[in-house]
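Below is one structure, written out as structure tokens; the observations come after it.
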Amino acid sequence: MREALHRVRQQVGQAVVGQDGAITGLLIALLAGGHVLLEGVPGVAKTLLVRAFSKALGLDTKRVQFTPDLMPGDVSGSLIYDARTAEFEFREGPIFTNIVLADEINRTPPKTQAALLEAMEEHQVTADGVTRELPDPFLVAATQNPIEHEGTYPLPEAQLDRFLLKLIVSVPERDAELQVLRRHAEGFDPHVLREVHPVADAAQLRAARQAAASVAVTDEVLGYLVDLARATRQSPSVQLGVSPRAATALLAAAKAWAWLGGYPAITPDHVQTMLVPTWRHRIRLRPDAMLEGVSVDAVLTSVLQQTRVPI
């Protein structure tokens with residue numbers, strides 16, 4: 001199972017160059033049963049990354065372009081009147097798939113963003129008093145632009161908390177960008193993805209998820225997790241620290257990362273590696289700290305440096 005997922009990373013790398021961290025983050029989110037927020041400027045292959053990832057896993061995927069006039073029913077589905085039977089029937093929305101690409105999620109009002117809350121947390125949709133289960137596996141990969149704020153709506157805290165990881169998709173290094181141009185010069189078509197082939201399936205992914213959940217964790221590492229969470233709440237630059245649910249999210253992400261690396265148990269190194277992408281979107285800084293140019297990533301790095309590591 002582990003080898004199959006490593007082959008997934010290789011297949012996605014056939015289409016997306018220089019984004020190995022984001023590819024691994026998507027795998028970790030699937031293994032941990034979470035969701036991913038991809039943040040990056042336009043043109044860094046966020047959409048291509050998700051499409052290639054779902055194709056390499058052989059999973060169904062649907063893309064939703066979030067716009068100011070998008071309604072909740074356009075995402076989750078709605079009741080449609082059937083004149084032939086004189087009854088209302090539920091028409092499934094694009095959320096009924098394995099991987100949902102929520103493109104530019106911050107361009108839709110909070111009312112529509114809220115349509116994702118139940119689906120992301122409980123993997124189900126309730127309409128007209130009837131609850132419908134979503135496919136398994138299920139992952140929401142949302143994208144947003146960090147520099148353009150006109151016509152956008154900040155994601156509420158409850159929405160942000162549903163994302164296991166927030167991954168920064170940056171501009172690739174020179175060698176990687178040169179490789180991208182070379183591929184396009186040779187005829188690479190990002191809309192077709194001929195280079196990517198399915199190398200895993202949903203059954204293997206479910207088995208891998210169970211295996212990752214069974215990775216052992218000692219009381220010392222659990223105590224380390226708690227100390228890190230409490231340190232964020234006591235930081236002078238932080239207005240709102242991480243919640244206990246954020247601590248459980250870090251535990252799940254660290255388990256997935258340890259399992260991918262072939263470790264039977266979590267080490268403090270796994271916790272430290274996953275802390276920033278798991279917590280960077282769950283912390284609110286004080287206004288004066290933001291005016292001074294303090295970043296969330298810098299605060300979390302300081303928390304890691306100041307918290308005692310169990311031996």
Side-chain angles (χ1 to χ4, degrees), residues 26 29-30 32-38 46-145 151-164 190-193 196-198 200-207 209:
L26 285 169
L30 269 179
H35 310 281
V36 175
L37 179 62
L38 300 169
K46 300 186 294 297
T47 301
L48 177 63
L49 170 64
V50 177
R51 289 178 53 241
F53 182 73
S54 59
K55 186 175 181 180
L57 284 168
L59 298 177
D60 184 37
T61 183
K62 292 179 182 176
R63 177 179 180 271
V64 182
Q65 181 64 54
F66 280 74
T67 58
D69 59 349
L70 193 73
M71 300 299 292
D74 298 331
V75 178
S76 59
S78 56
L79 292 172
I80 303 296
Y81 180 74
D82 190 342
R84 293 172 299 179
T85 61
E87 293 181 353
F88 286 93
E89 64 177 17
F90 182 76
R91 182 173 296 174
E92 294 182 350
I95 203 170
F96 283 86
T97 187
N98 295 120
I99 298 180
V100 180
L101 173 56
D103 208 4
E104 296 186 285
I105 189 174
N106 58 337
R107 288 198 174 277
T108 196
K111 178 176 69 174
T112 304
Q113 292 176 14
L116 291 171
L117 293 178
E118 181 186 14
M120 294 174 69
E121 181 64 24
E122 302 174 34
H123 293 189
Q124 65 183 29
V125 170
T126 302
D128 196 32
V130 178
T131 299
R132 297 169 175 84
E133 297 293 328
L134 293 171
D136 182 32
F138 174 72
L139 176 141
V140 174
T143 70
Q144 69 176 12
N145 183 346
T152 63
Y153 302 83
L155 298 182
E157 298 299 327
Q159 183 81 63
L160 286 171
D161 201 40
R162 296 301 197 276
F163 289 102
L164 178 71
H191 303 290
V192 179
L193 295 180
V196 181
H197 305 284
D201 55 31
Q204 287 177 308
L205 188 56
R206 285 191 287 268
R209 193 168 57 199

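FYI, the numbering just counts along the sequence from 1. Remember, predicted model here, so these are calculated numbers, not experimental data.
- Pairs passing the salt bridge (charged side-chain N to carboxylate O under 4.0 Å, His left out) check and including a residue from residues 85-94, sequence neighbours excluded, do not occur.
- Counting only residues at least two apart or in different chains, salt bridge (charged side-chain N to carboxylate O under 4.0 Å, His left out) contacts with residues 64-77 are absent.
- Residues in residues 50-73 take part in no ring-ring contact (aromatic ring centres under 6.0 Å, His included) pair, two or more places apart or across chains.
- At distances below 3.5 Å, at least one donor-acceptor pair connects side-chain atoms of Lys55 with backbone N or O atoms of Leu193.
- Scanning for side-chain contact (heavy atoms from CB on, under 4.5 Å) contacts around Pro110 gives Tyr153, with sequence neighbours left out.
- Nearest approach of Ala29 to Leu164, heavy atoms of both residues: CA-CD2, 3.8 Å.
- For Pro154, there are no side-chain contact (heavy atoms from CB on, under 4.5 Å) partners, not counting sequence neighbours.
- We find the CG-CG distance between Leu205 and Leu59 to be 6.5 Å, quoted to the nearest 0.5 Å.
- The structure places CD1 of Ile95 at 10.5 Å from NZ of Lys62, a figure rounded to the nearest 0.5 Å.
- Figure legend: cation-pi geometry between Arg132 and Phe90, with NZ or CZ positioned under 6.0 Å from the six-membered ring centre and within 45° of its axis.
- Note that CG of Leu26 is 12.5 Å distant from NE2 of His35, once rounded to the nearest 0.5 Å.
- Judged purely by atom type and a 3.5 angstrom limit, Gln113 uses its side chain to pair as donor or acceptor with the backbone of Thr108.
- Listed by first and then second residue, the ring-ring contact (aromatic ring centres under 6.0 Å, His included) pairs that reach into residues 100-122 come to none, sequence neighbours excluded.
- Judged by distance alone, the side chain of Thr112 and the main-chain N or O of Leu70 form a donor-acceptor pair under 3.5 Å.
- In terms of the side-chain contact (heavy atoms from CB on, under 4.5 Å) criterion, residue partners of Ala203 (sequence neighbours excluded) are, by chain and number, Asp201, Arg206.
- Distance OG1/Thr152 to CG/Asn106: 5.0 Å, rounded to 0.5 Å.
- In this structure, Val196 and Ala52 approach most closely via the heavy-atom pair CG1-O, 3.7 Å.
- Arg63 pairs in a side chain to side chain contact (heavy atoms under 4.5 Å, CB included) with only one of the listed residues (Val50, Thr47, Thr97), which is Thr47.
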When the side chains of residues 117-126 are checked against the rest of the protein, which donor-acceptor pairs come out under 3.5 Å, sequence neighbours left out?
| unit_1 | atom_1 | unit_2 | atom_2 | d |
| --- | --- | --- | --- | --- |
| Glu118 | OE1 | Thr126 | N | 3.2 |
| Glu118 | OE2 | Gln124 | NE2 | 3.1 |
| Glu118 | OE2 | Thr126 | OG1 | 2.6 |
| Glu121 | OE1 | Arg245 | NH1 | 3.3 |
| Glu122 | OE1 | Gln124 | NE2 | 3.0 |
| Thr126 | OG1 | Thr131 | OG1 | 3.1 |

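- From Ile105, atom CD1 reaches atom CG of Leu116 across 5.5 Å, with rounding to the nearest 0.5 Å.
- Taking Asp60 as the reference, nothing meets the salt bridge (charged side-chain N to carboxylate O under 4.0 Å, His left out) condition, with sequence neighbours excluded.
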Please table the atom pairs, donor to acceptor, closer than 3.5 Å between any side-chain atom in residues 133-144 and protein atoms at least two apart or in another chain.
| unit_1 | atom_1 | unit_2 | atom_2 | d |
| --- | --- | --- | --- | --- |
| Asp136 | OD1 | Arg209 | NH1 | 3.1 |
| Asp136 | OD1 | Arg209 | NH2 | 2.9 |
| Asp136 | OD2 | Arg209 | NH2 | 3.0 |
| Thr143 | OG1 | Asp103 | OD1 | 2.6 |
| Thr143 | OG1 | Glu104 | N | 2.9 |
| Gln144 | NE2 | Glu39 | OE1 | 2.8 |

